[in-house]
Every structure is written in structure tokens, then in C-alpha cells.
There are 2 protein chains.
Amino acid sequence: MKINAQRLSQHFTQMSLIGKIGETGTCRPAHSPEEKQAFELAASWMQAAGMQTHIDNFGNLIGRLDGSKPELPVLMLGSHLDSQPYGGRFDGVAGVLCAIEAITTLVENGIKPERSIEIVSFADEEGWRFKKGLFGSKGILGMLEEGDLQRADKDGITREQALISFGCDPTKLKESEYAANSIYCFLELHIEQGPVLDWGNKPIGIVTGIAGPLWLTVKLKGMAGHTGSVPMPLRKDALLGAAKVIVGLNDIVTQVPGAPTVGTVATIDVFPASRNIIAEEVVFTLDLRDIDLERRNNYEKQVRDLISATAEQHQLTYEISVDTMSEPRYCAPWIKDIIRGECETLGVDAPELMSGPFHDALALSYACDYGMIFIRCKDGISHNPLEFSSDEDLALGTEILYGTVLKVLDKQ
Amino acid sequence: MKINAQRLSQHFTQMSLIGKIGETGTCRPAHSPEEKQAFELAASWMQAAGMQTHIDNFGNLIGRLDGSKPELPVLMLGSHLDSQPYGGRFDGVAGVLCAIEAITTLVENGIKPERSIEIVSFADEEGWRFKKGLFGSKGILGMLEEGDLQRADKDGITREQALISFGCDPTKLKESEYAANSIYCFLELHIEQGPVLDWGNKPIGIVTGIAGPLWLTVKLKGMAGHTGSVPMPLRKDALLGAAKVIVGLNDIVTQVPGAPTVGTVATIDVFPASRNIIAEEVVFTLDLRDIDLERRNNYEKQVRDLISATAEQHQLTYEISVDTMSEPRYCAPWIKDIIRGECETLGVDAPELMSGPFHDALALSYACDYGMIFIRCKDGISHNPLEFSSDEDLALGTEILYGTVLKVLDKQ
């Protein structure tokens, strides 16, 4: 193995001490003193590899290794060091620390690339503090939206104030944006945050793309009545209608066996929520994802038809609102080929899989080609202190990332 | 018509002013000054009909018309004058006021029965103040349970304190109990609280019995996971499981077309209730009622099998707790026959129907034969200020009640 697995493991241990909660948990909010401390530690490792580091006005930590032809678009790697409020040690961290290890190995091996390399720890990927994520990665690409700086956290602190406290100058965001075509491609290593690799006993996965979710909120309205006195045929039971939609959604998304489509209802609120009063109104959220946008659109239509038919059958009225409608963003085939080649060289049987969750790569996909390497995590648990990926898997992923970086740099 | 419909209508209007909320609502809590005021008004009407009145130690208002053979078991009529906190003008009130009108008519017609007649306004039928109903009707039959007097309302006032404030002596409850076989039979007129009569365009219904509910609480436990990253076949989605049970329950209770069985899930709570985290735990309540206990038991078994099969299919664990398991209590065929005869005499096509909700008659059913007359209420709305029954329907029901009383008194 070319990378230094022991050093990598030590870096994970050292990083896990910052914002540590409980035995294995992490709480490093975006733009917080804990994130600043994490940046300082990561920057020290970047500098040890000969990179120049700075924090830009979006609150991103950027380490740069100048190439011999610095006018070329950069090869960018990275992920994020902020965490969920009750998060683990690997989500985001892996993409930064494994990138640092890969580039450190490159430098230690005396490789002097023509193309400059940057490792970025993007600000506020998680998004819970201001209820909107991918701030830093969208920021450098000029993709922020009206009002993003005025969003406040639960204590009333705005993003703008948080950035100023962090040492950034929000009046100079433009200076931190990247010009079009200035990024050659983006590589992100990340824990899977799902159980496919673990349950399939595979340490590594090659990501095919990020399936943007369709998020709907559905409201069904019927009529309340005494559960003892309204005969079944006369009912307008909103919860029964909702249950039929939940069951039907499951049928819709599983109609193609083996397809990666996922569909979920995970929240449901009932009014008046008394055990002997028939539900008058039910509101539930619906999450539909597929790497195949045409299929997702087809399923969306089926879901809408199902809601309409169910409402008619049970004499309900309904409203559907679209909260999020992201399109899938595909990984570049040429990068997937390189990653697959590296896996084969190492004798690793790495399945392809889509990413349901967002990552910083989603934002970068609008600016350049991208590729992602997934590391298995135990039982698919993430966003939880129980999140776990082994040193061995992380080292193996880093070795593949390192090989991928070399191949990307060699490409003309 | 023998009864005085105009007087009856005036009584409803006068009673509706006590504890009036909004235009048409009523709030008369159990053992409250408002209920006392309602008792005083009702007692004045009873006294005008020659009845002696008193409030017993359970807080029941009792009016008695002595018969020429006072040693005979009494004919008892009644219902309740307490209301839901956001209730209507007819629930309970109808059973007291229509009984007063029927007995007043009897007295005005110079009928002097051998059997004594009592009209009772039972204390705390509704049960919301101390979260347990049928207090007065259970009380006179010696059916109270350990701790019933120590139950506290939301302000911390116990039932015992409330009774003392009401002028009762809770140390002398025994004195207010009725001896076994001292009640000949019980007649209760009540609004339907369901839509069967209104939607069938029938003013009057003959009750077949009160279907006691089976109340279950079901907890399903699966495994949380990211909605974007856990493939459908690997999920343990507790909400999907719950939805299948809700849909399946509906199939079970509707398998015999036209049967009065009702089954409802009306509350559901999801953990962690985040739109992008698969539901790990779902708790819902299940309400199953049938006048046919054998069928209800059969359906309960089907429901339990369904929960078990669904849990197995989706790799969930489950717990079922029984919160209430009441048996159906049937109206006496001979009283139903009398009521039906009265309806036929008046040319009223009165369908038979079961009562899903409880009434004071449920408690009385353990002491004597009982019969119930239902009055249609608009759209089946009850426990709501919008509750409405027309003067005409109430008068018609009272006329039938009057005829029924005469026939019961004639019976040897």
C-alpha cells in the first residue's frame, strides 16, 4: 500500500477529539469555533504536505498545491468537516482526511504535477444550523440564492453574522468565487451512509451519481366523526387514504426489481388525533429518488394518480406541494472508469451504486466532471454517533483515491 | 300529538342558555356550577309535573313520581346534562328533557301508574374532566372502581373534592346506591351522534345495543436509515408496516357488506419523524366495534394475524396492548318491540341500528333491561357546537317515548 494507513488512522483519531460528544460522537456546527479548530488541524496537515492554506469568505478551508502549470484548471478534492449536531466521526471528515493523505503521499513520492491540486473542506455542507446545506460548495460557484446570508439559526444569529465571527468578509464573497472552467474535475470520497456495501460485504463502492430527491407534502382532508357511529361506507377517513398512498408508493417504487428507486413517507400528522374521532386531516411528506430521471418522473405521475384516485375513492380533498425537485447528477464515466481500474488493480470488487443523500459533489457537478468513492459504513448508520467505518476500509479507499488522482493528473 | 312540542322546544332553548358558548355551543362540566344550574332548571320542570327531586351523593339529579305501588321496581328514564367542553345542545340533554316532557304529559293526562317512575340526569357521563365517564350511572349500581374518587382534573381538583363542592357527601355513597332488582327497566332517548339516520332520511332509530369497543395500542419497531440510501428491499420501515395494517383493518371490517362493524385507526405517532429518515418506530391506536361479539373476536384475531404477518414481512418487531375491551350490551327485545309498535302506530319507518358510542344505558344494562330511541342529528355531527337535531324530530321521539312508557307501565 502506497498511502500511510497508520498516519491516516491517527488523523481520524485526532480530528474526532474536536467537538467530541459522548464516546464516539461529534458536534461541529458550521462556522463554529469547533469547525475553526478542525480547519486549523487539517490545515496543519495540508501545510506539512507543502500546500498553501487559507479560509475563503464563504468559510471554506482551501489547501492548494501549486502545479508546474498553474494556469491549468485545478484538480479539486474534498468534502466537509462540519457535522450533524448529533453526528459521527466519518461523514465529511473522510473526504477531507483521505484527500490529505492521498496528496501527502503524492508529495512524499516526489511527484510534481503540472496541474494544481486543491483540497477543500466546504463550509456548512450539513445545513441544519441554517436549514439549508451545501453553502460553501454552492458559494464558490456563484450558486447562492437571495436571502441565503440572512437565514438565522435557532439563536437568531444570521449566516452573515456567523461568517463575520468566523473571520470571513461577507461583503467580498465575489472574490472567493471560482471562474467558469477553472476546476478540471472534483473527487469526493465519502462514507456510503447506507447499508448496501456493508450488507453486501463490499468495502468500496463506485458512485454512479447523486439522485436528487423529489420532496412532496401531501394534505388529505376528509371529515371527522365518531369512530363508533359512522358506518364504514359513509366515512371520509383521511388517515385511511394516507395509508393507501403509503402502501401504493411502496408498490410503485418496487415495480422494477433491483432498480435503485427509493420512495418513502417518513412523517405524518393527523388532526384531530383522538383515538375515537375519525381523522379529518392528514399531512404527510413523500420522498422519491431515482438516478433515472425519466423513471422518477414516470413514478411521480403514478404517485399523483394514486393520490387522486385514493382521494376520490374515500371522498377526500387533497393538496400536493412540491418542496424540492432536484434532478439526478451523474458521475463522469471517464472518472468512474479510472476508479474501477484502480479497484481492479487492487483486486477490489467494487459495485456501482447511486447516492441517495446529497454531497458537496452535487454542487460541483454544475461546474465540472466529478467522481465519488464510497466507503462502507456499519449497518448503513450515519448522522449518528454510532456511525462507523473501519481503518482498513478508509485506507483502501484512500489508496484507490490516490491511484485515481495520479491517473487524472496523467490525463491530457 | 299528545306531548307538548312547543313546551319541549322552549325547554331546549332555556337549557341551552346554561353554560352557553358561542352561538350554539355548550360547556357544562361534570359537578360544576353550570351543571348545578342545569339541575335546578330541570328539577323545576320535574316538580311542575309533580315529581319529588333530589341530588344524590354521586351528583345525580333524580326526579321521582311515586306510583300507587311504590314497592314495585321503578321505571327509570334519563340521560345526562353535563356536556363536552366544546359540545352541543342535544347530547344527553335530549334524554332528560324528552323524558320530563313524556312524564309531564302522563301526569297531565291524569294517568296514575302503579309503578313509580324516576327520571335521572346522571353525573359525568362525558368523562373528559376526570378522564373516565359514566360516573353517576355506574355509581348508583355499585360499579365504581378503586381510585375513582381520587382522579384529578387538569387543575388538580379530585372527584371527591368536586363532589363535596357540589354539595354531595362522598362518605355516604352507599346510601345512594340502588338495591339489586329495584329498577324494572331503563329507557334512554339520545341523539344518534352518527350520520346513519340523517343520511338515510329517517327521523328515528331503534337501538339494538351498544357495541363496546376493543381499543388496542400497537407499536411497530423497525430501523431508521437515510431515505435516500437504504434500498427498498433492505428496509425495516415501521410506517409502511403501520400503513399496511390500517389498510388491512379496513378490509377486515368491511368483509361482510352491510354489517355494522367499524374499525378505525385515528392516531399515529412516528419516530424520528424527519422527512428523510425512515420511520424507526410507529405507535398507533386501533378501535374495533361490533354489536356481534363473536364476529368482533374473529376480526380481532384477523387483525392480530395481520399485524404479525406485516411485522414479519417488513422485519419489524411489535407490541400490542389492550386498553379497553368492552362487550356489546343488547337492548331488551321486548322493549324494542314496544318502541317499534309505537313507531308503526305513528307511521314512522324507524330502522334498527347499533350505538357505537357509550351511553348511561351501558351501565344500566348490567342492572336491568333497557331500550334506547335515537333521534337523527344533522350530518352525524356531535361533540361539537354544530350538533343539531330539529324540534320536530325531538317531539316525534318524545311522542314515541311517551307511548313506550305507557306500554311499559301496562306490562305486568
Side-chain angles (χ1 to χ4, degrees), chain A residues 192-196 199 211 213 215 217 223-235 237 239-240 242-247 249-250 253-254 260-270 272-279 285-287 289 323 355-358 379-384, chain B residues 192-196 199 211 213 215 217 223-235 237 239-240 242-247 249-250 253-254 260-270 272-279 285-287 289 323 355-358 379-384:
Chain A
E192 182 201 340
Q193 303 187 282
V196 175
W199 295 2
W215 277 357
T217 294
M223 189 166 152
H226 197 295
T227 56
S229 57
V230 184
M232 301 308 290
L234 302 184
R235 294 186 174 202
D237 184 337
L239 183 51
L240 176 59
K244 288 196 173 177
V245 174
I246 294 169
V247 174
L249 171 69
N250 185 61
V253 300
T254 56
T261 324
V262 284
T264 319
V265 173
T267 77
I268 187 163
D269 292 299
V270 178
S274 167
R275 73 184 303 156
N276 61 351
I277 301 181
I278 296 161
T285 55
L286 192 153
D287 177 316
R289 306 183 194 216
D323 304 320
S355 176
F358 288 165
D379 293 325
I381 295 169
S382 184
H383 287 191
N384 189 300
Chain B
E192 182 201 340
Q193 302 187 281
V196 174
W199 295 3
W215 276 357
T217 295
M223 189 168 151
H226 198 295
T227 57
S229 57
V230 184
M232 300 309 288
L234 301 185
R235 293 186 174 204
D237 184 337
L239 183 52
L240 176 60
K244 288 195 173 178
V245 173
I246 294 169
V247 173
L249 171 69
N250 185 62
V253 300
T254 56
T261 324
V262 285
T264 319
V265 173
T267 77
I268 187 164
D269 292 299
V270 178
S274 167
R275 72 183 304 155
N276 62 351
I277 301 181
I278 296 161
T285 55
L286 192 152
D287 178 314
R289 305 183 194 216
D323 304 321
S355 176
F358 288 164
D379 294 324
I381 294 169
S382 183
H383 287 191
N384 189 301

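Here is the naming used below: chain letters follow the sequence lines, and residue numbers restart at 1 for every chain. All values derive from a computational prediction rather than experimental measurement.
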Measuring heavy-atom distances to chain B, does [X] have an atom under 4.5 Å in its side chain, in its backbone, in both, or in neither?
X       : result
V270(A) : side chain
N276(A) : both
I277(A) : backbone
P213(A) : neither
L249(A) : neither
S274(A) : backbone

Return the [atom1] to [atom2] distance between [X] and [Y], rounded to the nearest 0.5 Å.
X       : Y       : atom1 : atom2 : value
D269(B) : L239(B) : CG    : CG    : 11.0 Å
L240(A) : R235(A) : CG    : CZ    : 9.0 Å
L286(A) : T264(A) : CG    : OG1   : 8.0 Å
M223(B) : I278(B) : CE    : CD1   : 9.0 Å

Residue among D323(B), D287(B), T267(B) satisfying side chain to side chain donor-acceptor pair (under 3.5 Å) with R275(A):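 With R275(A) as partner, D323(B), D287(B), T267(B) yield a single side chain to side chain donor-acceptor pair (under 3.5 Å), made by D323(B).
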Most chain A-contacting option - heavy-atom pairs closer than 4.5 Å, from I381(B), T217(B), L234(B), T254(B):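 Max contact count across the listed options: L234(B).
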Options G356(B), A242(B), A266(B), ranked by heavy-atom pairs under 4.5 Å with chain A, top entry: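 Among the listed options, the one with the most contacts to chain A is A266(B).
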Minimum heavy-atom distance S229(A)-Q193(B), with the two atoms named: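 Between these two residues, the closest heavy atoms are OG-O, 2.6 Å.
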Proximity breakdown for T261(B) and chain A, heavy-atom pairs closer than 4.5 Å: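 It is the backbone, since no side chain atom gets that close.
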Contacting moiety of P260(B), where chain A heavy atoms sit under 4.5 Å: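 When you check distances to chain A, no heavy atom of P260(B) falls under 4.5 Å.
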Just so I understand: if I count every heavy-atom pair under 4.5 Å between each of [options] and chain B, which residue has the most?
options                            : result
A243(A), G194(A), A279(A), G225(A) : A243(A)
G263(A), P233(A), G380(A), S355(A) : G263(A)
V247(A), T285(A), I246(A), T227(A) : T227(A)

Evaluation steps, side-chain contact (heavy atoms from CB on, under 4.5 Å), between I268(B) and I268(A): CA-CA 8 Å; I268(B) 187 164; I268(A) 187 163; 3.9 Å; yes
Exam field: side chain R289(A) to backbone A211(A), donor-acceptor pair closer than 3.5 Å: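 Side chain of R289(A) to backbone of A211(A): no pair is present.
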With D379(A) via salt bridge (charged side-chain N to carboxylate O under 4.0 Å, His left out) - residues at least two apart: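 Partners of D379(A) by the salt bridge (charged side-chain N to carboxylate O under 4.0 Å, His left out) criterion come out as none, since no residue qualifies.
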